[in-house]
Participant: 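Next up is a structure, given as structure tokens.
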Number of protein chains: 2
Amino acid sequence: MSCHQELKDKGYRMTPQRSMILDVLHQAEKHITPEEIHKQVCARFPEVNKSTIYRTLDLLKKLDMVDEADLGGNKLYYHHSDKGHHHHLICQNCGRTIEIEEEAFNPLKDMLKDKYNFSPDIRHLAIFGQCVNCT
Amino acid sequence: MSCHQELKDKGYRMTPQRSMILDVLHQAEKHITPEEIHKQVCARFPEVNKSTIYRTLDLLKKLDMVDEADLGGNKLYYHHSDKGHHHHLICQNCGRTIEIEEEAFNPLKDMLKDKYNFSPDIRHLAIFGQCVNCT
DNA sequence: GTGACTGCAAACGCTTTGCAATTGA
DNA sequence: TCAATTGCAAAGCGTTTGCAGTCAC
């Protein structure tokens, strides 16, 4: 798990808390909230404080080691950035989320650049709607 | 201002508070937050409670008289729905927001439908990035 | 008159912060 | 050793809620 080393290399300390947060992020199959990270970490190592979760996520975000996704609602979601950027289709009916690869948005990016002179930074995009099962 | 009548027709009461909230929404040039609505309403009619703003916005949303936009961050933005759906390009550097018309996203919609069997409900989309001045 | 509406105050959920105690290098 | 990191408790922010009083119809 090289990201443990990565933290050290950048001059930060490796603590059990940070190690476990990294592990949880690593094992997570999809985006998780600070709340979920906290729950999972506490299952293994009781009494890690929530503010530690938040501070660690801030740090990892600053170091580009996690991606932060605002999927709507009032929560933020995080995932390991080595899992690549991608986007989400979220069914407003059943809640299913479909991941789509970043490249699918290249035509959109080009259009925004050509027509609006705008360079989009599309790391996460949440698009709401209806999935097949629900239409 | 027919939306005042519209409320009545649907069986709701017209109060000074609701009237002013509608006016503020009407005069707003762009999306505004409940906070801003509150400030503007209070400038004319002191002491309208914030919960009234929230409850009125909920009502108007239910009646499809306002659109709610989650532009990221922890705030919600509102605007009169008769101003039409549109999207936003938000410069992460200078904060400028550029409105773009809904039709610009038709190719994207078609792609999501064809490739992912997903029917997007794209009423508001916020795309972050860099505007011309900031690149 | 009466139920829809408002103001108030308290609580919510998620996140941030100041500070003293702890701990990794 | 000693600055970086943590836990704790409190506060921040935008929003929601229960309730008693008021007001549009």
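Sequence lines set the chain letters: A, B, ... in the order given, protein chains first and strands last, and positions in each chain run from 1.
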Participant: Test of understanding: with ring-ring contact (aromatic ring centres under 6.0 Å, His included), list the residues that count as partners of A:F105, not counting sequence neighbours.
Facilitator: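 A:F105: ring-ring contact (aromatic ring centres under 6.0 Å, His included) contacts with A:H87.
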Participant: Taking only residues two or more places apart in sequence or in another chain, which ones pass salt bridge (Lys or Arg N to Asp or Glu O under 4.0 Å) with A:D58?
Facilitator: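 A:D58 satisfies salt bridge (Lys or Arg N to Asp or Glu O under 4.0 Å) with A:K61 once adjacent residues are dropped.
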Participant: Under 3.5 Å, which donor-acceptor pairs do the side chains of residues 8-22 of chain B form with other protein atoms, sequence neighbours left out?
Facilitator:
{"unit_1": "B:D9", "atom_1": "OD1", "unit_2": "B:Q5", "atom_2": "NE2", "d": "3.1"}
{"unit_1": "B:K10", "atom_1": "NZ", "unit_2": "B:E6", "atom_2": "OE2", "d": "3.3"}
{"unit_1": "B:T15", "atom_1": "OG1", "unit_2": "B:R18", "atom_2": "N", "d": "3.1"}
{"unit_1": "B:R18", "atom_1": "NH1", "unit_2": "B:R13", "atom_2": "O", "d": "2.9"}

Participant: Would you grab the first and last nucleotide of DNA chain D (5' to 3') that comes under 4.0 Å of any non-hydrogen atom in chain A?
Facilitator: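 Span of nucleotides near chain A: D:dA3 to D:dC8.
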Participant: Given atom OH of B:Y54 and atom P of C:dT6, what is their separation to the nearest angstrom?
Facilitator: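 Distance check: B:Y54 OH to C:dT6 P gives 16 Å.
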Participant: If you find the nucleotide of DNA chain D closest to B:K50 and the one closest to B:K8, which residue's nucleotide is nearer the 5' end?
Facilitator: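 Taking each residue's closest nucleotide, the earlier one in sequence belongs to B:K50.
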Participant: What are the two closest heavy atoms between B:I53 and B:P34, and how far apart are they?
Facilitator: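 Smallest interatomic distance, heavy atoms only, reads CG2-O, 3.8 Å.
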Participant: Are A:I32 and A:Y77 close enough, and set up right, to give a side-chain contact (heavy atoms from CB on, under 4.5 Å), and what steps lead you there?
Facilitator: CA-CA 5 Å; A:I32 46 180; A:Y77 291 78; 5.8 Å; no
Participant: Are there any protein N/O atoms within less than 3.5 Å of an N/O atom in nucleotides 18-21 of chain C, and if so, which ones and at what distance?
Facilitator:
{"unit_1": "C:dG18", "atom_1": "O6", "unit_2": "A:R55", "atom_2": "NH1", "d": "3.4"}

Participant: Under the side-chain hydrogen bond (donor to acceptor under 3.5 Å, both in side chains) rule, collect the residues that match up with B:E101, sequence neighbours excluded.
Facilitator: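 Result, side-chain hydrogen bond (donor to acceptor under 3.5 Å, both in side chains) vs B:E101: A:Y116.
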Participant: Taking all non-hydrogen atoms of both residues, which atom of B:L57 and which atom of B:V66 are closest, and how far apart?
Facilitator: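 Looking at all heavy atoms of both residues, the shortest contact is O-CG2, 4.0 Å.
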Participant: Please name all residues satisfying side-chain hydrogen bond (donor to acceptor under 3.5 Å, both in side chains) with A:K113, sequence neighbours left out, ordered by chain then number.
Facilitator: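 Per chain and number, A:K113 pairs via side-chain hydrogen bond (donor to acceptor under 3.5 Å, both in side chains) with no residue.
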Participant: Identify the heavy atoms of B:I127 and A:P120 that sit nearest to each other, and give their distance.
Facilitator: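 That would be CG2-CB, 3.7 Å.
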Participant: List in chain and number order the residues that pass salt bridge (Lys or Arg N to Asp or Glu O under 4.0 Å) with A:K109, two or more places apart in sequence or in another chain; answer none if no residue qualifies.
Facilitator: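 Once residues adjacent in sequence are excluded, the partners of A:K109 under the salt bridge (Lys or Arg N to Asp or Glu O under 4.0 Å) criterion are A:E102.
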Participant: Residues from residues 32-42 of chain B sitting under 4.0 Å of DNA chain D, heavy atoms only?
Facilitator: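 Nucleic-acid contacts, sorted: B:P34.
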Participant: Could you note down all residue pairs passing side chain to side chain donor-acceptor pair (under 3.5 Å) where residues 32-49 of chain A supplies at least one of them, sequence neighbours left out?
Facilitator: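 Sorted pair list: A:T33-A:E36, A:E35-A:K50, A:N49-A:S51.
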Participant: What integer distance in Å separates B:L7:CG from C:dA4:P?
Facilitator: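 The answer, rounded to whole Å, is 15 Å.
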Participant: What's the CD-C1' distance between A:E68 and C:dT16, to the nearest Å?
Facilitator: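 Rounding to the nearest Å, CD of A:E68 and C1' of C:dT16 are 14 Å apart.
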Participant: Residues of residues 9-20 of chain B with any non-hydrogen atom less than 4.0 angstrom from an atom of DNA chain C: list those, numerically ordered, please.
Facilitator: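 Contacting residues: B:Y12, B:R13, B:T15, B:Q17, B:R18.
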Participant: Compare every heavy atom of B:H31 with every heavy atom of B:H79, then report the nearest pair and how far apart it is.
Facilitator: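 Where B:H79 meets B:H31 most closely, the heavy atoms are ND1-NE2, 3.5 Å.
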Participant: Write down the distance between NZ (B:K75) and C1' (C:dC14), rounded to a whole number of angstrom.
Facilitator: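 After rounding, the reported distance stands at 16 Å.
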Participant: My understanding is that only residues two or more places apart in sequence, or in another chain, count here; which of them pass side-chain contact (heavy atoms from CB on, under 4.5 Å) with B:D64?
Facilitator: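 Residues passing side-chain contact (heavy atoms from CB on, under 4.5 Å) with B:D64: B:R123.
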